[in-house]
Amino acid sequence: MSQVIVVTSGKGGVGKTTTSASFATGLALRGHKTAVVDFDVGLRNLDLIMGCERRVVYDFVNVINKEAALKQALIRDKNCDSLYVLPASQTRDKEALTKEGVAEVITELRNTFEYIVCDSPAGIERGAVMALYFADQAIVVTNPEVSSVRDSDRMLGILAAKSKRAEEEGDPIKEHLLISRYAPKRVNSGDMMSMEDIQELLSVPLLGVIPESESVLNASNSGIPVIHDTGSNAGQAYHDMVARFLGEHRELRFMQPQKRGLLHRLFGS
Amino acid sequence: MSILNYLRSRRNKSAKIAKERLQIILSREHVNASSPDYLPALKQELLDVVAKYVTIDQDQVKVTLDRDGDYEVLELNVVLENNPASRQHAL
């Protein structure tokens with residue numbers, strides 16, 4: 001049975017595309033046939049983060065408008081055989097995503113793939129609603145910051161009210177919380193809300209915490225999802241998150257500031 | 001963390017302020033999003049009943065629906081006019 005998972009947040013810049021790319025890659029690395037779909041029509045970026053921007057020929061809207069077959073638009077990932085990317089259109093607007101058109105594409109993807117990861121645009125407009133409409137599960141990406149937490153809360157309300165599952169009064173979408181850009185040092189000093197604070201505010205089961213890391217920018221600079229950077233904290237945290245999603249037990253890591261010498265701690269910045 | 005940072009952080013726990021502000025605004029937004037359709041009508045009828053016995057100023061009335069876990073609390077707060085004649089109606 002295929003699973004459609006939306007990666008959403010409401011607020012922009014919190015790490016939706018970074019998460020979509022690494023999460024989909026992580027599932028594929030474990031042998032699951034996975035497609036990752038960019039719903040950000042007009043502002044596509046998943047292709048850049050996945051490093052396949054020069055191989056885009058046809059896009060999601062071409063498939064909806066029957067200008068291309070789904071097979072023609074799907075781009076096979078260069079590092080992972082079981083991973084495919086469906087890029088968004090760069091020239092159209094979000095109104096091109098009709099409910100019927102998206103439904104057809106999702107149904108066709110379900111026939112081929114085990115996991116379909118939908119990378120939502122920011123906001124609560126058409127693109128974001130279409131990304132979550134067909135979802136079975138949702139990963140809500142939140143930064144430890146007031147506006148992100150509030151927008152995530154709003155997004156949880158929309159997941160519970162506007163999805164297909166909500167409209168058909170079926171089982172609700174299974175929600176997961178992913179906290180990203182977490183800085184344990186600032187949490188300890190009282191400058192940043194802790195993961196416990198955020199989880200208490202949003203009351204959604206925690207799937208993972210991704211530490212703030214330089215490796216995320218390096219990864220997007222080079223177009224290789226950060227999960228491939230297994231030497232980095234963020235890459236390892238994404239591996240843990242994928243494992244938890246698949247039902248394995250993994251303790252949270254990187255929740256304490258990195259240890260430094262006594263002199264550095266007393267007199268350092 | 002340096003000694004300076006340590007002292008500074010004890011004074012200024014902005015994360016705590018953030019959490020408290022969010023708790024308040026999220027619970028208010030939840031109430032607005034999930035308050036039942038009949039709430040405005042219920043408010044009006046309650047006010048009509050109170051006004052039948054006591055002179056009230058509509059601006060001095062507050063009706064709020066709060067949620068605390070599984071409990072919902074409908075709070076009706078009426079400030080009676082400071083006028084002995086109208087008070088008597090209440091008695």
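Each chain gets a letter, A, B and so on, in the order the sequences are listed, and its residues count up from 1.
Ile25(B) CD1 to Leu201(A) CG: the interatomic distance, rounded to the nearest 0.5 Å, is 12.5 Å. With rounding to the nearest 0.5 angstrom, the NE2 atom of His30(B) is 10.5 Å from the CZ atom of Arg154(A).
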Legend entry - side-chain contact (heavy atoms from CB on, under 4.5 Å) between Val149(A) and Lys19(B), worked out: CA-CA 10 Å; Val149(A) 173; Lys19(B) 188 183 178 189; over 6 Å; no
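Scanning for side chain to side chain contact (heavy atoms under 4.5 Å, CB included) contacts around Lys11(A) gives Val14(A), Glu145(A), Ser147(A), Ser148(A), Asp151(A), with sequence neighbours left out. Residues satisfying the side chain to side chain contact (heavy atoms under 4.5 Å, CB included) criterion with Glu251(A), sequence neighbours excluded, are His249(A). Residues forming a side chain to side chain contact (heavy atoms under 4.5 Å, CB included) with Glu95(A) (at least two apart in sequence, or on another chain): Asp93(A), Arg126(A).
More than 12 heavy-atom neighbours from other residues, nucleotides or ligands sit within 6.0 angstrom of CZ on Arg253(A). In Arg244(A), the CZ atom is crowded: over 12 heavy atoms of neighbouring residues, nucleotides or ligands sit closer than 6.0 Å. The number of heavy atoms from other shown groups lying within 6.0 Å of CZ (Arg250(A)) is above 12. For Glu169(A), the CD atom sits in a loose shell: 12 or fewer heavy atoms of surrounding residues, nucleotides or ligands are nearer than 6.0 Å. Counting heavy atoms of neighbouring residues, nucleotides and ligands inside a 6.0 Å radius, atom CZ of Arg181(A) does not exceed 12 of them.
Both the backbone and the side chain of Met193(A) come within less than 4.5 Å of a heavy atom in chain B. Contact annotation for Asp153(A): only side-chain heavy atoms (C-beta onward) come within less than 4.5 Å of a heavy atom of chain B.
Residue-level contacts of residues 207-218 of chain A with chain B do not occur; threshold 4.5 Å between heavy atoms.
Summarising the geometry of Val146(A) relative to Ala18(B), their closest heavy-atom pair is CG1-CB, 3.6 Å, with the distance given to 0.1 Å.
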